[in-house]
Protein chains: 2
Amino acid sequence: MNGFLGTYSVSLDDKGRLNVPAKFKGLLERDSPQLVMCVMDGFLIVFPQREWAANEEKLYHLNAFDKSDRNRLREFYARATECEMKSGKILIPAAQREAAGLKKEVTLVGMSKTFELWAPDRLEKTSK
Amino acid sequence: MNGFLGTYSVSLDDKGRLNVPAKFKGLLERDSPQLVMCVMDGFLIVFPQREWAANEEKLYHLNAFDKSDRNRLREFYARATECEMKSGKILIPAAQREAAGLKKEVTLVGMSKTFELWAPDRLEKTSK
DNA sequence: AGGATTGTGTCAGAAAGTGTCGTAAAGTGT
DNA sequence: ACACTTTACGACACTTTCTGACACAATCCT
């Protein structure tokens, strides 16, 4: 498999877990089930942990003792959460579900190295 | 685990201790429960002791006989406190709680190598 | 020493997270 | 089109984590 591709409609269970589609499952199992999930403008981006690390490197030049740099760092880190695919499922923490407006139905969109989680209605609005 | 990530809302107990979220707990247990807590502009930064040491090194080059350098050093050290995670909790000394305006509700923000403690209302103002 | 204040360990109930399984639905090969 | 395999879903039981409370220990202050 080359990367995360395509659109899937999945439903969350009563605890807010999503079943990873079989095609993505293979990728995550082979590589690593470790993930970082990050809130963007109204939707979630899921990074396999390696991909996240690559993005994080771009922040190393910022100075943690500088006020405005620190604010930028915080924005980035505060929105992120580690998670993991367990038993073929990913638990989406309540805060993240909230931020992305996810109810039961979730649309999952492959973006090659990462994939996104959308509330169906929001995705529809955005793509217009 | 990659580092401290995400935002958590936790509440202090009657003695001013905070329950460390399970995700952070793992990191602190593996590395070391020894911490240094430091007051910044209205919030607290918590350094795992190794991370503190690394930051301290950056200050060694400052000149102990230079007045303004010395002021910066003093500011840095005077506001720092050693503390420790015990029974999965961290006691926040009264002085620090005071300085950060922490009441019962505290927002905990992961910053990769360190994490921050905020009074919810102050964080909200800052992030705007 | 006695009493107040501050720090520490532990526990029980509630809430959140996790594993598993049966059934339903979708996909596959012939 | 049919039987078979795989995948998705919902449900349930179980485990872990979070919280507030209590009891006790240590320290400080007269």
Side-chain angles (χ1 to χ4, degrees), chain A residues 1 4-30 32-37 44 46 80-100 102-110 115 117-120, chain B residues 1 4-30 32-37 44 46 81-100 102-110 115 117-118 120:
Chain A
M1 224 225 222
F4 303 105
L5 294 177
T7 305
Y8 299 82
S9 176
V10 297
S11 65
L12 304 186
D13 69 13
D14 50 347
K15 304 300 176 63
R17 285 182 296 180
L18 73 73
N19 276 297
V20 180
K23 290 202 173 173
F24 288 12
K25 211 180 281 185
L27 247 176
L28 293 176
E29 267 160 6
R30 176 161 46 265
S32 138
Q34 228 63 37
L35 303 169
V36 177
M37 188 178 292
L44 303 178
V46 183
T81 309
E82 286 204 349
C83 52
E84 193 178 348
M85 183 178 69
K86 288 172 185 159
S87 315
K89 300 175 186 198
I90 298 171
L91 176 70
I92 305 169
Q96 268 70 18
R97 256 177 288 154
E98 177 69 23
L102 303 184
K103 306 289 178 212
K104 190 162 174 56
E105 294 303 318
V106 174
T107 304
L108 199 154
V109 184
F115 58 91
L117 304 179
W118 286 85
Chain B
M1 228 232 215
F4 303 105
L5 290 179
T7 306
Y8 298 82
S9 177
V10 296
S11 63
L12 303 187
D13 69 12
D14 49 348
K15 304 302 175 65
R17 286 181 295 179
L18 73 73
N19 276 299
V20 181
K23 289 203 174 171
F24 289 12
K25 212 180 279 184
L27 250 175
L28 293 177
E29 267 159 7
R30 175 160 49 265
S32 137
Q34 229 62 37
L35 303 168
V36 177
M37 188 178 293
L44 304 178
V46 182
T81 313
E82 288 199 352
C83 52
E84 194 178 347
M85 183 178 69
K86 289 172 186 160
S87 314
K89 300 174 186 197
I90 298 172
L91 176 69
I92 305 169
Q96 267 71 17
R97 254 178 288 153
E98 177 65 25
L102 303 183
K103 307 288 179 215
K104 189 162 174 54
E105 294 302 318
V106 174
T107 303
L108 199 154
V109 184
F115 58 92
L117 304 179
W118 286 84

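- When distances run from any side-chain atom of Lys86(B) to the nucleotides dT8(C), dA21(D), dA11(D), the shortest one goes to dT8(C).
- One can place CD of Glu84(B) at 14 Å from C1' of dG9(C), the figure rounded to the nearest angstrom.
- Between the CG atom of Leu108(B) and the P atom of dT19(D) there is a distance of 11 Å, given to the nearest Å.
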* Asked: Between Leu108(B) and Val46(B), is a side chain to side chain contact (heavy atoms under 4.5 Å, CB included) present by the stated rule, with each step listed?
  -> CA-CA 10 Å; Leu108(B) 199 154; Val46(B) 182; over 6 Å; no
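- Distance, Lys25(A) NZ to dT7(D) P: 7 Å, rounded to whole Å.
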* Asked: Tyr8(A) and Lys23(A): side chain to side chain contact (heavy atoms under 4.5 Å, CB included), yes or no, with the steps?
  -> CA-CA 10 Å; Tyr8(A) 299 82; Lys23(A) 290 202 173 173; 3.5 Å; yes
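- Pair assignment for dT30(C) gives dA1(D), based on Watson-Crick or G-U wobble hydrogen-bonding distances that are each under 3.5 Å.
- For the side chain to side chain contact (heavy atoms under 4.5 Å, CB included) test with Leu12(B), the passing option among Arg97(B), Arg17(B), Glu105(B) is Arg97(B); the others fail.
- Atom-to-atom, CG of Asn19(B) to P of dT16(D) comes out at 17 Å; the value is rounded to the nearest Å.
- Contact annotation: side chain of Lys89(A) to base of dT20(C), donor-acceptor pair present below 3.5 Å.
- Going from atom NZ of Lys15(B) over to atom P of dT27(D) covers 15 Å, rounded to whole Å.
- What separates CG of Leu18(B) from P of dT8(C) is a distance of 13 Å, to the nearest Å.
- Residue-level contact check: Lys23(B) touches neither bases nor backbone, having no heavy atom under 4.0 Å from any strand.
- If you check dG17(C), dG10(D), dG7(C) against the side chain of Ser11(A), the one that comes closest is dG10(D).
- Not a single donor-acceptor pair, N or O on each side, falls under 3.5 Å between the base of dG20(D) and the side chain of Arg17(B).
- Under a 3.5 Å cut-off, the side chain of Lys89(A) and the backbone N or O of Asn19(A) do not form any donor-acceptor pair.
- A straight line from CG of Leu91(B) to C1' of dA25(D) spans 14 Å, rounded to a whole angstrom.
- If Lys104(B) and Asp13(A) are placed on DNA chain D by their nearest nucleotide, the residue sitting closer to the 5' end is Asp13(A).
- Classification of the Phe24(A)-Phe115(A) ring pair by plane angle, with boundaries at 30° and 60°, yields tilted.
- For Pro21(A), counting side-chain heavy atoms from C-beta on, the closest listed nucleotide (dG17(C), dA8(D), dG7(C)) is dA8(D).
- Nucleotide dT20(C) holds its P atom 17 Å from the CG atom of Asp14(A), rounded to whole Å.
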